[in-house]
Amino acid sequence: MKQYSPKNVESKWQQIWEEKGAFHASNDKDKEKYYALIEFPYPSGEGLHVGHPRPYTALDIIARKRRLQGYNVLYPIGWDAFGLPTENYAVQNKIHPATVTKNNVVRFKKQLQMLGLSFDWSREINTTDPKYYKWTQWIFLKLYEKGLAYKTEMAINWCPSCKIGLANEEVVNGGCERCGAEVVRRQKSQWMLKITEYAERLLNDLDLVDYIDRVKIQQTNWIGRSEGMEVDFEITGGKKITIYTTRPDTLFGATYMVISPEHPYIEELADYIENMDELINYKEEASKKSEFERTELAKDKTGVKIEGVEATNPVNGQSIPIFISDYVLMSYGTGAIMAVPGHDTRDWEFAKKFGLPIIEVVAGGNIEEAAYTDTEEGIIVNSGFINGLEVKDAIAKISKWLEKKGLGTPKVNYKLRDWVFSRQRYWGEPIPLVYCKDCGWVPVPEDELPVRLPEVESYEPTDSGESPLANVREWVETTCPKCGGYAERETDTMPNWAGSSWYFLRYTDPYNDEELASKENLDYWLPVNWYNGGMEHTTLHLLYSRFWHKFLYDCGIVPTSEPYAKRTSHGMILGENNDKMSKSRGNVINPDEVIDEFGADTLRMYEMFIGDFEKSVPWSQDGVRGCRRFLERVWRLQEMLVDSDKITSKLEGNIHKTIKKVSEDYDHMKFNTAIASMMTLVNDIYDYGSVTKADMRILLTLLNPVSPHITEELWQMLGFEGMLYEAVWPEWDEAKTIDDVVEIAVQINGRVKGQMMISADATAEQVKEQFSGDERLVGFIEGKQIIKEIYVPGRIYNVVVK
RNA sequence: GCCGGUGUGUUGGAACUGGCAGACGAGACGGACUCAAAAUCCGUUGUCCGCGAGGGCGUGUGGGUUCGAGUCCCACCACCGGCACCA
């Protein structure tokens with residue numbers, strides 16, 4: 001017998017698959033389609049990491065199984081190649097980012113191909129390819145056209161190290177997501193996308209899709225819907241301040257108001273305000289605070305009372321003071337609140353510090369010591385006409401009252417904020433707009449797309465916050481498409497989330513120069529049947545791409561309102577010491593080395609066998625060895641081969657159980673137990689001593705999705721017809737998965753005392769009879785009174801005695 | 001603080017809808033083969049008591065429901081992830 005040599009076997013089959021175009025999705029649209037998708041990689045300089053193959057192999061298993069089940073499968077791959085690390089590397093090493101990207105892609109591609117993944121390489125895409133980003137720009141122009149892109153002067157999160165503005169989603173603990181440097185606030189004119197316009201649909205349509213719960217929950221929290229009321233408070237000079245509250249039932253406890261330091265009310269009230277200097281001072285101090293300081297100082301409330309202006313509580317007519325404080329955010333609600341110190345922790349702290357009255361309006365807590373916030377079940381007190389009501393009823397009653405009096409309106413608010421879409425960087429898609437003194441912002445005409453990045457010597461970021469493109473005058477200076485006069489190009493580029501927001505559409509028709517993809521292809525392939533990716537993208541890429549997709553749906557370009565029918569997420573692979581794998585910790589495992597030592601089939605199997613797919617797990621080199629051992633055992637089954645096309649009768653039940661288990665477990669991402677059941681079957685074959693070709697046909701087909709090379713090789717060696725990747729997935733016979741005779745446990749008072757072999761369809765009477773015939777078991781209940789007997793078919797027989 | 005998740009042998013992890021906890025791997029120990037080693041094969045491997053048959057205890061902690069709880073309920077502890085002045 002030939003020895004198992006993964007190196008030879010794997011390169012041989014990889015070549016054959018490539019030559020035959022084995023995994024190219026077919027254009028035959030009569031066949032039922034299946035679209036499996038992984039998050040396309042960012043081709044970093046470090047190359048592939050053992051974390052990458054985990055999700056790729058998982059969906060490769062799904063894709064390969066679906067092909068064997070007769071589907072027309074699309075399992076594509078491409079490169080999400082715009083982005084900072086590449087640009088930084090390019091700047092440091094004086095190589096053009098396009099060259100860096102090209103080199104990284106070559107390396108990544110080679111590594112991925114060694115894994116034997118059944119990607120359709122003929123549809124490979126790259127977000128930095130002008131033919132691709134033409135359509136990214138095109139979508140942006142559509143958004144602009146529909147009023148969903150706008151430019152605004154705003155305080156943005158600025159990373160002084162990367163010299164780039166960040167979206168809220170990209171700020172982690174007050175630091176830059178990429179480099180960790182402390183993020184500061186900076187006024188900047190930025191392009192924004194109105195994702196908030198889609199907040200409600202992004203939330204509601206989660207009901208239409210099959211996402212794992214934690215993804216849905218995280219998106220739901222991020223969108224942050226809340227129901228409440230906007231209530232008007234009259235103030236000095238006959239003006240009014242509108243606040244937002246989810247708890248109108250606590251209005252009687254509102255003893256002061258707070259508005260955000262940036263609030264325009266301050267300007268409007270200038271005539272009445274007696275301490276304007278102080279207020280302006282405070283506002284400036286507040287705006288200088290970094291994100292970090294704002295959160296750090298959260299407990300120590302600061303603020304300034306507005307002198308000369310007072311508000312009136314609309315429910316009891318009392319005069320109450322107004323403050324400005326940075327604990328009230330301009331970006332949420334109306335930027336103004338009524339403060340109810342008795343029942344809100346922040347208001348309580350502020351009131352204590354400024355010596356403001358604290359009134360209890362929901363009974364149950366001790367407001368001397370702390371705000372009582374656990375008020376869902378409470379009873380209202382000190383509140384006039386809603387006294388004695390439960391909170392729920394009080395909200396309903398006072399809301400109605402406020403509405404009737406014209407003091408309040410019901411209002412739904414979202415925490416989700418618009419998407420900061422500008423980046424002051426070189427390596428991104430240019431925003432295809434020009435600014436003309438006379439015409440304002442003018443879109444670049446469609447036939448002039450793509451607006452290409454200029455080839456330049458220097459693309460270093462600038463301290464001023466201007467994009468490096470601003471220095472390329474010959475590129476910036478252009479003519480206005482509208483009036484033909486002098487105009488300047490927008491020099492900001494798009495964030496790296498742009499290209500990835502629609503890439504799955506391009507796979508359906510990657511070479512189309514007329515449209516982003518043909519309607520015919522989009523209709524056939526969408527939605528993506530199964531999309532797997534990292535949890536870290538839940539509130540970024542996943543949400544952004546749902547937003548773009550819904551927009552394109554509204555434009556009539558895509559046929560579905562949701563892009564992905566199903567979304568799952570994999571756990572991380574940690575180092576052997578249970579730490580996150582990282583260069584600095586020195587615990588990185590390189591997939592190339594594992595493949596070199598054990599083979600790709602072993603690596604693939606190990607990554608699937610390592611543990612629960614959704615959880616993070618530490619790497620174990622010994623565990624890898626165990627999988628290699630199993631593949632060797634499968635290889636050596638040739639030694640006991642019987643040339644028969646009948647399933648070994650002694651193994652038949654086992655084989656049908658295994659088909660069922662493996663088929664179901666793959667679909668439920670329980671790869672570890674699927675593999676375990678195949679190991680058990682192989683152990684059983686060894687115990688039995690021989691195996692037929694019919695047995696092998698099934699085993700190899702089941703194992704093929706996990707370890708495609710070795711199974712394909714054995715398929716050929718055993719002389720099976722055709723290619724295994726074109727074979728048919730086996731079906732199981734339910735009747736054969738059920739044993740005729742089963743062992744059940746016998747319990748006395750719930751404690752196991754023995755076992756009995758019974759026929760699977762035995763009745764309770766028959767079981768009892770058999771029990772009575774077993775002297776040893778009967779001995780346990782001798783002289784005792786039987787109170788109850790429980791028989792769970794095929795499981796357990798429990799006798800309760802006294 | 002809020003929202004999720006997790007906690008099982010030496011170890012990665014199994015366990016359907018409440019029904020014999022520890023499948024399958026790894027490691028360790030003992031044995032076979034070998035001059036020897038590797039590889040391979042066979043056996044043992046939760047823990048305590050007992051020569052033995054057998055029995056006690058065991059799924060983070062404490063209670064509860066049930067004939068029966070890793071699984072359900074209540075309270076708590078630890079760790080991981082997300083959010084965080086969102087009114």
Side-chain angles (χ1 to χ4, degrees), chain A residues 168 172-174 213-222 224-226 228 243-247 250 254 258 260 294-295 297-301 325-329 331-340 343-347 349-350 373 413-417 535-536 538-539 571-572 574 576 578 605-606 609-612 614-627 629-630 632-633 636 664 670 672-683 686 743-755 776 787-801:
Chain A
N168 289 319
V172 177
N173 288 331
D213 284 344
R214 54 198 174 121
V215 168
K216 281 195 186 182
I217 290 166
Q218 218 164 292
Q219 287 209 346
T220 303
N221 290 346
W222 187 260
R225 182 181 196 274
S226 76
I243 59 100
Y244 175 70
T245 178
T246 55
R247 294 296 302 275
T250 60
V258 186
S260 160
R294 280 180 79 109
T295 43
L297 298 173
K299 277 169 217 128
D300 190 21
K301 297 280 177 290
S325 171
D326 63 1
Y327 87 84
V328 173
L329 309 173
S331 52
Y332 185 78
T334 62
I337 63 156
M338 66 172 189
V340 184
H343 304 283
D344 180 285
T345 310
R346 298 150 300 177
D347 296 345
E349 282 163 4
F350 191 89
T373 56
N413 265 325
Y414 297 92
K415 288 184 193 173
L416 185 69
R417 292 189 221 168
M535 277 310 283
E536 70 274 20
T538 303
T539 54
M572 247 191 309
L574 307 170
E576 293 211 79
N578 236 317
M605 169 170 280
Y606 175 63
F609 186 59
I610 189 169
D612 186 332
E614 297 198 62
K615 293 190 191 124
S616 41
V617 267
W619 185 265
S620 152
Q621 202 73 5
D622 284 325
V624 183
R625 210 161 281 127
C627 289
R629 237 173 253 165
F630 171 68
E632 297 272 4
R633 272 163 78 77
R636 288 200 311 271
E664 293 178 348
K670 298 178 78 174
N672 52 341
T673 50
I675 292 166
S677 74
M678 289 186 279
M679 287 174 169
T680 307
L681 177 62
V682 170
N683 289 345
Y686 271 87
E743 188 189 79
I744 62 162
V746 179
Q747 298 182 333
I748 310 295
N749 288 344
R751 309 197 68 103
V752 178
K753 293 293 178 185
Q755 284 77 27
R776 197 184 72 86
I787 295 168
K788 198 172 179 184
E789 289 159 86
I790 296 118
Y791 171 55
V792 182
R795 297 273 175 201
I796 215 155
Y797 178 62
N798 185 13
V799 186
V800 185
V801 293

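Hydrogens, waters and symmetry mates play no part in the numbers below; they use all other heavy atoms, side chains included. In what follows, every chain begins at residue 1, and chains take the letters A, B, ... in the order their sequences are listed.
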Where each residue is assigned the nucleotide of RNA chain B containing its nearest heavy atom, which of A/Asn221 and A/Tyr244 is assigned the position nearer the 5′ end? A/Asn221

On RNA chain B, compare the nucleotides closest to A/Gly224 and A/Arg214; which residue's is nearer the 5' end?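 Upstream on the strand: A/Arg214.
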
Rounded to whole angstrom units, what separation is found between the [atom1] atom of [X] and the [atom2] atom of [N]?
X	N	atom1	atom2	result
A/Asp344	B/rA87	CG	P	9 Å
A/Lys753	B/rA53	NZ	C1'	14 Å
A/Arg636	B/rA39	CZ	P	12 Å
A/Trp619	B/rA26	CH2	P	15 Å
A/Lys415	B/rA84	NZ	C1'	8 Å
A/Ile217	B/rC3	CD1	P	11 Å
A/Arg629	B/rA26	CZ	P	5 Å
A/Tyr327	B/rA87	OH	C1'	8 Å

Sugar-phosphate only, base, or nothing, as touched by [X] at under 4.0 Å among non-hydrogen atoms:
X	value
A/Ser620	nothing
A/Asp213	nothing
A/Ile337	base
A/Arg776	nothing
A/Gly333	nothing

Report the distance from atom [atom1] of [X] to atom [atom2] of [Y], rounding to the nearest 0.5 Å.
X	Y	atom1	atom2	result
A/Asp622	A/Cys627	CG	SG	11.5 Å
A/Thr334	A/Ile243	OG1	CD1	6.5 Å
A/Leu681	A/Tyr686	CG	OH	12.0 Å
A/Met572	A/Glu536	CE	CD	8.0 Å

Syn-anti status, with the boundary at 90° from 0, for the nucleotide B/rG9: syn

A/Asp213/A/Lys216 salt bridge by N-O under 4.0 Å criterion: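 Answer for the salt bridge query: no.
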
Once base and sugar-phosphate atoms are separated, protein heavy atoms under 4.0 Å mark nucleotides 10-23 of chain B, 5' to 3', with B, S and - as --BSSSB--BB--B

Would you say B/rA87 has OP1 or OP2 under 4.0 Å from some side-chain N or O of A/Ser226? yes

A/Arg633 side-chain N/O to B/rC41 phosphate OP1/OP2 under 4.0 Å: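 Affirmative; the distance criterion is met.
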
Quantified in whole Å, what is the [atom1] atom distance between nucleotide [N] and nucleotide [M]?
N	M	atom1	result
B/rG43	B/rC48	C1'	24 Å
B/rU10	B/rG5	C1'	26 Å
B/rG25	B/rG19	C1'	27 Å
B/rC29	B/rG9	C1'	16 Å
B/rG70	B/rA21	C1'	8 Å
B/rU66	B/rC77	P	28 Å
B/rC67	B/rC16	P	23 Å
B/rG13	B/rG18	P	24 Å

Where the side chain of [X] is defined as all heavy atoms beyond and including C-beta, which of [options] is the nearest nucleotide?
X	options	value
A/Thr246	B/rG27, B/rG55, B/rA87	B/rA87
A/Val328	B/rC3, B/rA87, B/rC83	B/rA87
A/Trp222	B/rC3, B/rA84, B/rA26	B/rA84
A/Tyr332	B/rC67, B/rC41, B/rA87	B/rA87

So, under a plain 3.5 Å distance rule, would you say the side chain of A/Lys301 forms a donor-acceptor pair with the base of B/rC85?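 Flag set: donor-acceptor pair detected.
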
Got [X] and [Y] here, is their nearest side-chain heavy-atom distance under 4.5 Å?
X	Y	result
A/Arg214	A/Met535	yes
A/Val801	A/Asn749	yes
A/Asp347	A/Met338	no

A/Gln219 side-chain N/O to A/Thr538 backbone N/O, donor-acceptor pair under 3.5 Å: yes

Just one of A/Ile796, A/Ile744, A/Asn798, A/Val799 clears the side-chain contact (heavy atoms from CB on, under 4.5 Å) bar with A/Tyr791, so which one?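 Of the listed residues A/Ile796, A/Ile744, A/Asn798, A/Val799, the side-chain contact (heavy atoms from CB on, under 4.5 Å) partner of A/Tyr791 is A/Ile744.
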
Which pair of heavy atoms, one from A/Gln747 and one from A/Val752, lies closest together, and at what distance? NE2-CG2, 3.8 Å

Determine, for A/Tyr327 and A/Lys301, whether the Lys NZ or Arg CZ falls below 6.0 Å from the six-membered ring centre while staying within 45 degrees of the axis.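 The answer is yes, since A/Lys301 meets both limits relative to A/Tyr327.
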
Using a 3.5 Å cut-off on both pairing distances, which stems of three or more Watson-Crick or G-U pairs include RNA chain B? B:1-7 with B:77-83, B:10-12 with B:24-26, B:27-32 with B:40-45, B:46-49 with B:54-57, B:60-64 with B:72-76

